[in-house]
Amino acid sequence: MAAFLGGSAAATGRFFFPNVIYEPSQKFNAGPVKSYDVGVSTRWLNEQRVWIIRTDKGIYAMWARCTHLGCTPSWFDDQGRFRCPCHGSNFNQGGDVIAGPAPRPLWRAKVELAATGDLIVDKAILEDLPGKRDNPPFFISLNA
Ligand code: FES
């Protein structure tokens with residue numbers, strides 16, 4: 001009886017200390033917006049798995065994860081497209097599917113401009129719908 005009650009008390013006590021997984025923040029400072037030229041930047045590809053893309057209208061961040069099965073596409077500047085090495089999906093600079101089995105566009109991450117002029121990217125908040133992804137908080141308009 002004492003072993004049963006002791007075991008029950010221990011199990012009840014353990015219930016108050018749930019397992020917690022501490023993951024790194026999905027938010028990072030991508031540096032000064034001014035440091036990005038028009039085009040696709042791979043500066044944060046290895047460290048954050050994100051491309052920073054600047055156009056003549058503004059800037060946005062795209063998650064470098066293929067929407068088919070999750071491989072990392074590569075940017076081909078001469079072809080103006082992202083190409084996935086796994087099953088051949090192609091995406092244009094905006095992230096739209098132009099070839100292959102990928103079922104939906106690439107995801108864009110939330111971006112904001114810090115008071116210092118730095119670009120803050122938050123990969124925890126994503127959008128891929130045309131219309132929504134082209135507006136804040138997934139796009140920052142810049143007057144070039
Ligand atoms: S994972 Fe990219 S095409 Fe299959």
Side-chain angles (χ1 to χ4, degrees), residues 4 6-144:
F4 172 75
S8 295
T12 302
R14 178 71 180 90
F15 175 78
F16 291 105
F17 300 96
N19 294 327
V20 177
I21 298 173
Y22 295 97
E23 295 184 356
S25 172
Q26 296 295 300
K27 206 171 185 176
F28 69 98
N29 185 333
V33 167
K34 285 183 189 169
S35 67
Y36 291 96
D37 295 326
V38 170
V40 176
S41 169
T42 58
R43 189 186 307 175
W44 294 98
L45 186 58
N46 291 335
E47 196 175 321
Q48 296 288 343
R49 205 178 182 189
V50 162
W51 296 292
I52 306 295
I53 301 166
R54 181 158 183 176
T55 67
D56 54 352
K57 294 192 176 99
I59 195 164
Y60 54 93
M62 205 146 59
W63 191 21
R65 185 183 188 279
C66 180
T67 53
H68 181 224
L69 293 177
C71 292
T72 303
S74 298
W75 170 249
F76 289 81
D77 209 29
D78 57 331
Q79 299 171 24
R81 63 175 62 190
F82 298 97
R83 293 175 55 187
C84 184
C86 295
H87 312 100
S89 288
N90 283 216
F91 305 86
N92 64 18
Q93 186 174 300
D96 293 316
V97 180
I98 51 178
R104 55 191 310 158
L106 295 171
W107 293 97
R108 294 194 195 178
K110 178 185 173 188
V111 284
E112 58 190 337
L113 202 52
T116 57
D118 287 355
L119 181 69
I120 309 298
V121 179
D122 188 352
K123 297 181 293 180
I125 301 172
L126 302 169
E127 183 58 75
D128 72 342
L129 292 177
K132 274 189 162 184
R133 71 182 185 194
D134 307 308
N135 292 301
F138 304 99
F139 181 83
I140 296 174
S141 184
L142 299 171
N143 297 326

Enquirer: Side chain to side chain contact (heavy atoms under 4.5 Å, CB included) between Tyr36 and Arg43: does it pass, once the steps are laid out?
Expert: CA-CA 10 Å; Tyr36 291 96; Arg43 189 186 307 175; 3.5 Å; yes
Enquirer: Got a list of side-chain donor-acceptor pairs under 3.5 Å for residues 61-70, not counting sequence neighbours?
Expert:
| residue | atom | partner | partner atom | Å |
| --- | --- | --- | --- | --- |
| Thr67 | OG1 | Arg104 | O | 2.5 |
| His68 | ND1 | His87 | ND1 | 3.1 |

Enquirer: Considering all heavy atoms of both residues, which atom of Ile140 and which atom of Glu112 are nearest to each other, and what is their separation?
Expert: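 Smallest interatomic distance, heavy atoms only, reads CD1-C, 3.6 Å.
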Enquirer: For the residue pair Gln93 and Ile53, establish whether any side-chain heavy-atom pair is separated by less than 4.5 Å.
Expert: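 Gln93 vs Ile53: side chains touch.
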Enquirer: Just how far is it from atom CG of Leu113 to atom CG of Leu119, taken to the nearest 0.5 Å?
Expert: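 Interatomic distance, Leu113 CG to Leu119 CG, rounded to 0.5 Å: 7.0 Å.
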Enquirer: Taking it one step at a time, do Lys57 and Leu142 satisfy side chain to side chain contact (heavy atoms under 4.5 Å, CB included)?
Expert: CA-CA 6 Å; Lys57 294 192 176 99; Leu142 299 171; over 6 Å; no
Enquirer: Take atom CD in Gln79; do more than 12 heavy atoms of anything else shown fall under 6.0 Å from it?
Expert: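 Yes.
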Enquirer: Give a yes or no answer on whether the side chain of Thr42 reaches the backbone of Leu45 with a donor-acceptor pair at less than 3.5 Å.
Expert: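 No; zero donor-acceptor contacts below 3.5 Å.
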Enquirer: So how far is it from Ile52 CD1 to Asp37 CG, rounded to the nearest 0.5 Å?
Expert: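 Spacing of CD1 (Ile52) from CG (Asp37) equals 13.5 Å.
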Enquirer: Hey, what do you get for CZ (Phe82) to OG (Ser74), rounding to the nearest 0.5 Å?
Expert: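 Output value for this atom pair is 10.0 Å.
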Enquirer: Assess whether side chain to side chain contact (heavy atoms under 4.5 Å, CB included) is satisfied between Ile59 and Phe139, documenting all intermediate values.
Expert: CA-CA 6 Å; Ile59 195 164; Phe139 181 83; over 6 Å; no
Enquirer: Measure from NZ or CZ of Arg108 to the centre of the six-membered ring of Tyr60, then state whether that distance is under 6.0 Å and the direction lies within 45° of the axis.
Expert: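 Yes, cation above the ring, under 6.0 Å and within 45°.
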Enquirer: How far apart are the C-alpha atoms of Arg54 and Ser41, what are their side-chain angles, what is the distance that settles it, and do they pass the side-chain hydrogen bond (donor to acceptor under 3.5 Å, both in side chains) test?
Expert: CA-CA 8 Å; Arg54 181 158 183 176; Ser41 169; over 6 Å; no
Enquirer: For Asp122, enumerate each residue passing the side-chain contact (heavy atoms from CB on, under 4.5 Å) test, keeping only those at least two apart in sequence or located in another chain.
Expert: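 Listed in chain order: Gln26, Lys27, Lys110, Ala124, Ile125.
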Enquirer: State whether the side chain of Asn135 and the backbone N or O of Lys132 hold a donor-acceptor pair below 3.5 Å, judged by distance alone.
Expert: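 Side chain of Asn135 to backbone of Lys132, a donor-acceptor pair under 3.5 Å: no, none is there.
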Enquirer: Look at the side chain of Asp77 and the backbone N and O of Trp75, then say whether any donor-acceptor pair between them is shorter than 3.5 Å.
Expert: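 Here the side-chain-to-backbone pair does not exist.
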Enquirer: Between Pro130 and Asp96, which heavy-atom pair has the shortest distance, and what is it?
Expert: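 That closest heavy-atom pairing would be CG-OD1, 4.5 Å.
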Enquirer: What's the separation between atom CG in Leu129 and atom CG in Asp134, rounded to the nearest 0.5 Å?
Expert: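 Answer for the CG-CG pair, Leu129 versus Asp134, is 10.0 Å.
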Enquirer: Rounded to the nearest 0.5 Å, what separation is found between the NZ atom of Lys123 and the CZ atom of Phe28?
Expert: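 Atom-to-atom, Lys123:NZ and Phe28:CZ are 6.0 Å apart.
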Enquirer: Would you indicate whether the side-chain heavy atoms of Val111 and Phe138 approach each other to under 4.5 Å?
Expert: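 The answer is no; the side chains never approach within 4.5 Å.
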Enquirer: Indicate the atoms forming the closest heavy-atom contact of Trp44 with Ala30, along with that distance.
Expert: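 Closest approach of Trp44 to Ala30: NE1-O, 3.4 Å.
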Enquirer: Examine the side chains of Asn90 and Arg81 and answer whether a donor and an acceptor come within less than 3.5 Å of each other.
Expert: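 Yes, side-chain donor-acceptor contact under 3.5 Å.
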Enquirer: Would you indicate whether Cys71 and Cys86 have their SG atoms under 2.5 Å apart?
Expert: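 The sulfur gammas are closer than 2.5 Å, so yes.
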